[in-house]
Amino acid sequence: MKMDWNNYIDHTINVTLFENYGVVYGERKDGTTPNFYEIVFKTGKLVAVFEDAFLMEAVRDNQLVRIYIPFSSVKCVEIF
């Protein structure tokens, strides 16, 4: 089933992903590198839709970030 995600632009969405990994960039201590951690949930505002993905905006550490999420990585979406 295809869905027209354009109907939900500017809505807040919660996305549950299949396994995906990210890097936390914080203060480096004693020359260590940032830790890898598993990202499974994302929450933000849907801002754009593409043929195979959507773009979400979220605030993290007081900075606006845009997250490109391929549909193949999405397990579940809640729309508010």
Side-chain angles (χ1 to χ4, degrees):
M1 176 176 128
K2 285 204 162 203
M3 182 169 167
D4 186 1
W5 289 96
N6 289 300
N7 293 332
Y8 302 101
I9 290 189
D10 291 328
H11 283 71
T12 299
I13 59 174
N14 288 336
V15 181
T16 304
L17 301 170
F18 291 108
E19 292 182 25
N20 196 0
Y21 293 89
V23 179
V24 176
Y25 290 101
E27 292 181 33
R28 291 184 181 219
K29 296 180 181 176
D30 302 324
T32 60
T33 58
N35 294 323
F36 281 91
Y37 67 99
E38 185 174 6
I39 304 168
V40 180
F41 304 103
K42 294 201 175 292
T43 300
K45 182 173 77 170
L46 182 63
V47 294
V49 178
F50 305 98
E51 186 174 314
D52 60 346
F54 53 76
L55 187 66
M56 183 173 80
E57 278 185 353
V59 176
R60 183 178 176 141
D61 297 328
N62 296 322
Q63 288 192 333
L64 182 67
V65 293
R66 289 188 169 185
I67 306 160
Y68 180 86
I69 303 176
F71 292 134
S72 61
S73 295
V74 175
K75 185 175 186 179
C76 175
V77 177
E78 296 173 301
I79 304 167
F80 297 94

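One is the number of the first residue; the rest follow in order along the sequence. Note: hydrogens, waters and symmetry copies are ignored here, and every other heavy atom, side chains too, is used. Worth saying up front: this structure is predicted, and the values here are computed from it rather than measured.
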Can you name the side chain to side chain donor-acceptor pair (under 3.5 Å) partners of Asn62, sequence neighbours left out? none
Suppose we screen for side chain to side chain donor-acceptor pair (under 3.5 Å). Which residues come up paired with Thr16, at least two apart in sequence or across chains? none
Closest contact, heavy atoms only, Gly44 versus Ala58: CA-CB, 4.3 Å
Pairs where residues 44-56 contributes a residue and the test side chain to side chain donor-acceptor pair (under 3.5 Å) is met, not counting sequence neighbours: Asp52-Tyr68
Minimum heavy-atom distance Val74-Ile69, with the two atoms named: CG2-CG2, 3.6 Å
Looking at residues at least two apart in the chain, or sitting in another chain, which of them share a ring-ring contact (aromatic ring centres under 6.0 Å, His included) with Tyr8? His11
So, taking the atom named OG1 in Thr43 and the one named CD1 in Ile13, what distance separates them when rounded to the nearest 0.5 Å? 8.5 Å
Salt bridge (charged side-chain N to carboxylate O under 4.0 Å, His left out): which pairs involve residues 65-75, sequence neighbours left out? Glu57-Arg66
Same hydrophobic cluster for Phe80 and Ile9, using side-chain heavy-atom links shorter than 4.5 Å among ILVMFWY? no
Atom OG1 of Thr12 and atom CE of Met56: how far apart are they, to the nearest 0.5 Å? 10.0 Å
With side chains defined as the heavy atoms from C-beta onward, is the minimum distance between Phe50 and Leu55 less than 4.5 Å? yes
Which other residues end up in the same hydrophobic cluster as Leu64, if Ile, Leu, Val, Met, Phe, Trp and Tyr are linked when side-chain heavy atoms come under 4.5 Å apart? Val59
Contacts of type side chain to side chain donor-acceptor pair (under 3.5 Å), residue Asn7, not counting sequence neighbours: none
Within the structure provided, determine whether Ile79 and Trp5 are in side-chain contact (heavy-atom separation under 4.5 Å). yes
For the residue pair Ala53 and Pro70, what are the closest heavy atoms and their distance? CB-CA, 3.5 Å
Check side chain to side chain donor-acceptor pair (under 3.5 Å) between Asp4 and all other residues, then give those that pass, not counting sequence neighbours. Asn6
Would a hydrophobic clustering, with Ile, Leu, Val, Met, Phe, Trp and Tyr connected at side-chain separations under 4.5 Å, put Val15 with Phe71? yes
